[in-house]
Peer 1: 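This is the structure I have questions about; it appears just below.
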Amino acid sequence: MGEAPAFCYEIPLKEFANGNTLKSKSAETAIVTGNKKYVIEGSDGKSTSLGVRIYDESTAQWVHPVVLGTKPRACKGHLAVLLNEDRILIIKKGASPDDCLWFLELDTQYVRDQKTMHGGNTEVVAWSKGVRGNAEMPIVISGPSGVGKGTLINKLMKEYPSMFGFSVSHTTRAPRVNEEDGVHYHFTEKSVMEKEIKDGKFLEYASVHGNLYGTSIEAVEVVADEGKRCILDIDVQGARSVRGSPVEAIFIFIRPPSMEELERRLRARGTETEAQISKRLRNAEAELEQGISSGLFDHILYNDELEGCYQRLKEVLGLDGNVRAAPNPVSRGFDLPVVHSASELDNQIIIDCGTQELEKASKNRIVLDVSCLKGGAPGRTRGLDLYAVNSFSDELKEVR
Ligand SMILES: Nc1nc2c(ncn2[C@@H]2O[C@H](COP(=O)(O)OP(=O)(O)O)[C@@H](O)[C@H]2O)c(=O)[nH]1
Ligand SMILES: Nc1ncnc2c1ncn2[C@@H]1O[C@H](COP(=O)(O)OP(=O)(O)O)[C@@H](O)[C@H]1O
């Protein structure tokens, strides 16, 4: 993480050199990097989420940037720390444990790519929720139509309902008779989906069998917010996009025992017309070729006999058949006390607790280790570590 970060505590903003006076909102913070001042707006009692605005000194203008990702809910106050000149760490006060650590990305690769997508001159920032430790990675499952992806995923979700959640994709294809909007897919219009893609709402998207399919960032966030491990059923193009994104995942390709068996399964399912079946079978050849030989996938599973394949899937996911508890409970956090001071040493943010807490707490400090950050927008930022240090004994203990 680079040089000493800038710290900022709820500085009410007043006036700026260009004469632009901004209404000072309660509990907002300002971080300056280069010729830009990033203001994270606190709660004004009306907004439901933290807002962002930027003062550009070179143009002496205030700008409201395009803000990507799920926004943190409004809070009573926050601490802002600039890390590595490319992102701001936000520590929320009085937030629930799974909602207290956030990153606002200013100049990461993802933000730069999104700026290019928005024409190059638009200011873009992206939120990414911070999670402690190495939360379980999402699982990407690909394979040709009819190979049994949905069947395997349903079995997994039925056996481990508290452990896995399905990423509900958007698609422009028509619903099948047994499919429910918002459950199997978000069924949508092409023009609407194209606009949302342009607005940066999608982690990935692809044209498959003549229709548009895509995973929205929100679809993945919703599952992670439930403390569950996200499963994505997406095609090989989508898997390649996710591989190229900051989202770290396990990639699994399901292959059929033969093309004849694939055709038999597709027909037996009875959900496609003859023309659609032919198209899916033609596409299956290319998908198999790419799935098997591209090196994209961490695991390739034969779905010959269903139970056997399901057992192998469980093995690669580290499930021994007896595990029932969620491996990824809602990430632990801490309630930021009244802050006295903060400093940085060797990638550790040291926050001294305030005196309004218990007498003893005034002697405590919290250490946030940011040396092993991974991932980031358009997903979670993992690898944060958090300790409480009691200065009486200098004893280190984990904050729970
Ligand atoms: N890239 C991408 N592919 C998707 C997404 N959702 C579904 N797909 C893929 O689209 C293909 C067609 O899906 P679908 O119409 O449900 O047919 P099925 O796979 O035969 O059940 C499959 O290969 C899915 O994995 C998505 O969000 N993104
Ligand atoms: N191992 C298997 N052996 C026989 N039939 C299977 C097997 N796996 C899945 N099927 C069946 O094949 C059809 C297609 O499976 P599905 O899960 O819908 O595929 P996908 O989601 O990959 O398109 C379904 O009717 C399903 O019951």
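Numbers for residues simply follow the sequence, beginning at 1. Just so you know, ligand 1 is whichever comes first in the structure, and atom 1 is the first atom listed for that ligand.
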Peer 1: Give the contacting part of Leu266 toward ligand 2: side chain, backbone, both or neither, where contact means a heavy-atom distance below 4.0 Å.
Peer 2: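 Neither part.
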Peer 1: Starting from atom 9 (C) of ligand 1, find the nearest protein heavy-atom neighbour and note its residue, name and distance.
Peer 2: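 I find the closest protein heavy atom is Asp235 N, 3.7 Å.
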Peer 1: Do any nitrogen or oxygen atoms of Ser169 lie less than 3.5 angstrom from nitrogen or oxygen atoms of ligand 1?
Peer 2: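 Yes.
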Peer 1: Does Cys309 approach ligand 2 within less than 4.0 angstrom via side chain, backbone, both or neither, non-hydrogen atoms only?
Peer 2: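 Looking at Cys309 and ligand 2, no heavy atom falls under 4.0 Å.
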Peer 1: With a 4.0 Å cut-off, would you call Lys155 and Glu307 a salt bridge?
Peer 2: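 So Lys155 pairs with Glu307 through a salt bridge.
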Peer 1: Look at atom 25 (O) of ligand 1 and say which protein heavy atom is nearest, naming residue and atom and giving the distance to 0.1 Å.
Peer 2: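 Atom 25 (O) of ligand 1 sits closest to the protein heavy atom Asp233 OD1, 2.7 Å.
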Peer 1: Hey, is ligand 1 close enough to Ser145 that some N/O pair sits below 3.5 Å?
Peer 2: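 Min N/O separation from ligand 1 is below 3.5 Å for Ser145.
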Peer 1: Please compare Arg269, Arg265, Lys149 and report which has the shortest non-hydrogen distance to atom 21 (O) of ligand 1.
Peer 2: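 Answer by nearest heavy atom: Arg269.
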Peer 1: Determine, for Glu272 against Arg176, whether the closest basic-nitrogen to carboxylate-oxygen distance falls under 4.0 angstrom.
Peer 2: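 Salt bridge between Glu272 and Arg176, a charged N being under 4.0 Å from a carboxylate O: yes.
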Peer 1: Please report which non-hydrogen protein atom sits nearest to atom 11 (C) of ligand 1, along with the residue it belongs to and the distance in Å to one decimal place.
Peer 2: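 The answer is Val208 CG1, 3.7 Å.
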Peer 1: For atom 19 (O) of ligand 2, which candidate among Gly148, Pro256, Gly150, Gly308 holds the nearest heavy atom?
Peer 2: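 Considering heavy atoms of Gly148, Pro256, Gly150, Gly308, the nearest to atom 19 (O) of ligand 2 sits in Gly148.
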Peer 1: Looking only at protein heavy atoms, which one is nearest to atom 28 (N) of ligand 1, and what is the separation?
Peer 2: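 For this ligand atom, the closest protein heavy atom is Glu204 OE2, 2.7 Å.
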Peer 1: Would you mind checking which non-hydrogen protein atom is closest to atom 13 (O) of ligand 1, with the distance to 0.1 Å?
Peer 2: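 The protein heavy atom lying closest is Tyr185 OH, 3.3 Å.
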Peer 1: For atom 17 (O) of ligand 2, what's the nearest protein heavy-atom neighbour? Residue, atom name and distance, please.
Peer 2: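 Minimum-distance protein heavy atom for atom 17 (O) of ligand 2 reads Thr151 OG1, 2.5 Å.
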Peer 1: May I ask you to check if ligand 1 and Tyr205 share an N or O to N or O distance below 3.5 Å?
Peer 2: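 It does not: no N or O of Tyr205 is found under 3.5 Å from an N or O of ligand 1.
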Peer 1: Is there a polar contact, in the sense of an N or O pair closer than 3.5 Å, between Leu266 and ligand 1?
Peer 2: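 N/O-N/O distance under 3.5 Å: no.
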